[in-house]
Amino acid sequence: MHDLKFIRENPERVKAGAANKNEKCDIDKVLSLDEERREIIRQVERLKAERNKVSAEIAKMKKAGRPVDDAVMAMRKVGQQISELDTKLRELEVRLNTALTWVPNIPHESVPVGADETANVVVREWGEIPEPDFKVLPHWEIGEKLDIMDLAAASRISGSGFYLLKGLGATMQRALINYMIDLHTADGFTEVCAPHIVTSETMFGTGQLPKLADDMYKTEEGTMYLIPTAEVPLTNMFKQQIISYGQLPIRMVAHSPCYRREAGAAGKDTRGMIRVHQFDKVEMVTIVHPDNSYDVLESLVWQAEKVLQGLQLPYRVCELSTGELSFASAKCYDLELWAAGVAKYLEISSVANFEDFQARRMNCRFRDADGKVKHPHTLNGSGVALARLIPAILENYQTAEGSVVIPEVLRQYMRGAELIR
RNA sequence: GGAGAGGUGGCUGAGUGGUCGAAAGCGGCGGUCUCGAAAACCGUUAUACCUUUCAGGUAUCUAGGGUUCGAAUCCCUACCUCUCCGCCA
């Protein structure tokens, strides 16, 4: 959500930002509705000022024992005009706000301009891409073979787009969650366990609504939604709050399931765990002073990288182009993990700075050192997504004998197991 | 699910139709004092919007309606919190 005044003063910047993001929104409509709105405010406030003045006089006249009937009659008429104008104003504001909620955040000036992923920039790469001398099985084959994954059972239970882990597969997921949360909390992140079912206001706050309504699962009454990421409850913890200066920066981490309908993605990555309706994720959220949010963005990327380096998995860091940026973000890095079995990079983490876009939507503020109340910047990053991490491990740690070596950092969380066979 | 109580500024908490944007306290900020700090004392301390600016105006006491010339104050609805009962992991 942008400040109306900002749009009024920088219409071309807002339009260009939306265009570069391939977002459709009608800035001219926002501007004309705003103009109309201000005209009515001018009228109605003049009437209200008069009413207040005369009402005060009526009080005095009554005290003095003078007749007030004429004044009361006149104000009755004014009151009617006011209520008509107020009704008009309310309707106008609803339309204006609706138009405003569809205006995306503007990309940061450093973001490469481009329509799609071909304009993304690889910032750095880490680790060696393995070149095994045997055929690496994709994770769904090795998983079934080792009896740690049962995709057929998952589809019997829930239909297509779900996975089921068992035995050391399920243990590995739990181990990964513990490994990641321990890593982040050791670096100062506070662990949080938050609700997975949230109100539409909450979904609006982080920018999932209105745009992504069709990508989310909602309850029958349509008023509650299943979270697509823990970013939603974590960031919204501070909805409508004023954070004291000393509390910043706020750094949180949570594990949660993520529910996504993946509408429109049918036929894409249909096999295995790569694209599913429910997956687990460890998510980091930070709320920081606007002055240093871009430094925090870099450190948040590093925090996610630490997870992958600890697991000794080769990856690369990509800076997303404007066309790839999500509705609410101003700048975003993706971490992509090499998966030997499917022989491609898997997007495993997304780390983004939303500047004050989300804070405005949820009316989250902080009291600055000068005592003034301002909007903080919000950021989040996966740290990281399990449903793609597990495939990468099963494929990259595969041996010629068809077993899977358990990464060293996980063994303490897996009763000391070293190998799945 | 049933019954009751309540939601006021950053916080606590007065205020039941007419200078109430709202007492008081706490907190914050500035100052006096001090080598410095604490204490004490003095002062100050909301936000948004419109006009436009050495200024004026409007709105905001959970939210949305209603009554009234005039609502924090009266009425209705929703939401939330608390207490008791029921149910239950």
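As a basis for the values below, the full set of heavy atoms in this structure was taken, side chains included, without hydrogen atoms, waters or symmetry mates. Just so it is clear: chains get the letters A, B, ... in the order the sequence lines come, proteins before strands, and each one is counted from 1.
The same atom, P, is picked in A46(B) and in U53(B); the two are 24 Å apart, to the nearest Å. U19(B) and U34(B): their P atoms are spaced 46 Å apart (whole Å). Using P as the reference atom, G66(B) and U60(B) are 13 Å apart when rounded to the nearest Å. C74(B) and G6(B) have their P atoms separated by 11 Å, with the value rounded to a whole Å. Spacing between C69(B) and A22(B) at atom C1', rounded to whole Å, works out to 22 Å. C82(B) and G10(B) have their C1' atoms separated by 23 Å, with the value rounded to a whole Å. Here the separation of G4(B) from G13(B), taken at their C1' atoms, is 23 Å to the nearest Å. Separating the P atom of U16(B) from that of C85(B) is a span of 34 Å, rounded to the nearest Å.
Pairing of U73(B), defined by two Watson-Crick or G-U wobble distances under 3.5 Å, is not identified with any nucleotide. Pairing for C41(B) goes to G31(B), judged as Watson-Crick or G-U wobble with the two contacts each under 3.5 Å. When both pairing distances are held under 3.5 Å, U68(B) makes no Watson-Crick or G-U pair with any nucleotide shown. Partner assigned to C82(B) is G4(B), using Watson-Crick or G-U wobble distances below 3.5 angstrom. Across the strands present, A22(B) finds no partner; the criterion is a Watson-Crick or G-U wobble pair with both atom distances under 3.5 angstrom. Across all strands shown, the partner of A59(B) is U47(B), judged by Watson-Crick or G-U wobble contacts whose two distances both fall under 3.5 Å.
Between Phe366(A) and His289(A), the angle of the ring planes goes over 60°, which puts this pair in the perpendicular group of the 30/60° scheme. Ring geometry for Tyr217(A) versus His277(A): interplanar angle over 60°, hence perpendicular rather than tilted (30 to 60°).
In this structure, Gln81(A) atom CD and G70(B) atom P are separated by 13 Å, rounded to whole Å. The CG-C1' distance, from Leu89(A) to A48(B), rounds to 14 Å in whole Å. One can place NZ of Lys5(A) at 13 Å from C1' of U47(B), the figure rounded to the nearest angstrom. Glu93(A) places its CD atom 11 Å from the P atom of G64(B), with the value rounded to the nearest Å. If you take NZ of Lys372(A) and C1' of G28(B), they are 13 Å apart, rounded to a whole angstrom. If you take CZ of Arg38(A) and P of G57(B), they are 21 Å apart, rounded to a whole angstrom. The distance between atom CD of Glu201(A) and atom C1' of A63(B), rounded to the nearest whole Å, is 11 Å. Between the CD atom of Gln80(A) and the C1' atom of U68(B) there is a distance of 13 Å, given to the nearest Å.
Put simply, the side chain of Leu248(A) reaches to within 4.5 Å of the side chain of Ile287(A), judged on heavy atoms. Val276(A) is not listed as a side-chain neighbour of Phe162(A), based on a closest heavy-atom distance of 4.5 Å or more. Inter-residue side-chain proximity for Asn236(A) and Val198(A) is flagged as unmet; no heavy-atom pair is nearer than 4.5 Å. For the pair Glu355(A)/His108(A), a side-chain contact is recorded, criterion being any heavy-atom separation below 4.5 Å from C-beta on. Side chains of Val404(A) and Ile148(A) form no contact here, defined as non-hydrogen atoms less than 4.5 Å apart. No side-chain heavy atom of Val296(A) sits under 4.5 Å from any side-chain heavy atom of Pro249(A). Within the 4.5 Å cutoff, no side-chain heavy atoms of Pro233(A) are placed close to those of Thr202(A).
Backbone-only contact: Arg90(A) has heavy atoms under 4.0 Å from sugar-phosphate atoms and none from a base. Within 4.0 Å (heavy atoms only), Arg360(A) reaches no atom of the nucleic acid at all. At a threshold of 4.0 angstrom between heavy atoms, the contacts of Lys60(A) with the nucleic acid are absent.
With hydrogens and angles disregarded, no donor-acceptor distance shorter than 3.5 Å links the side chain of Thr378(A) to the backbone of Phe354(A).
The residues Glu35(A) and Arg42(A) are annotated as salt-bridged, a charged nitrogen and a carboxylate oxygen being separated by less than 4.0 angstrom. Under a 4.0 Å N-O distance rule, the pair Lys331(A)/Glu319(A) qualifies as a salt bridge.
Proximity of Arg42(A) to the phosphate of U51(B): a side-chain N or O atom is located under 4.0 Å from OP1 or OP2. Checking the phosphate oxygens (OP1, OP2) of G57(B), no side-chain nitrogen or oxygen of Asn52(A) falls inside 4.0 Å. Note on Arg51(A): every side-chain N or O is 4.0 Å or more away from OP1 and OP2 of A71(B).
Distance from the side chain of Ala49(A) is smallest to U58(B) among G10(B), C50(B), U58(B). Side-chain proximity of Arg37(A) to the nucleotides C69(B), U58(B), C49(B) is greatest for C49(B).
Mapping Val373(A) and Val44(A) onto RNA chain B by nearest heavy atom places Val373(A) closer to the 5' end of the strand. The 5' end of RNA chain B is approached more closely, in terms of each residue's nearest nucleotide, by Ala59(A) than by the other of Ala59(A) and Asp34(A).
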- Note on the structure: Given protein heavy atoms under 4.0 Å, the one-letter contact record of nucleotides 74-82 of chain B, with B base, S sugar-phosphate only and - none, is simply ---------
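Residues of residues 233-247 of chain A having a heavy atom closer than 4.0 Å to RNA chain B, listed by number: Ile242(A).
Donor-acceptor pairing under 3.5 Å, judged by distance alone, is absent between the side chain of Lys63(A) and the base of G18(B).
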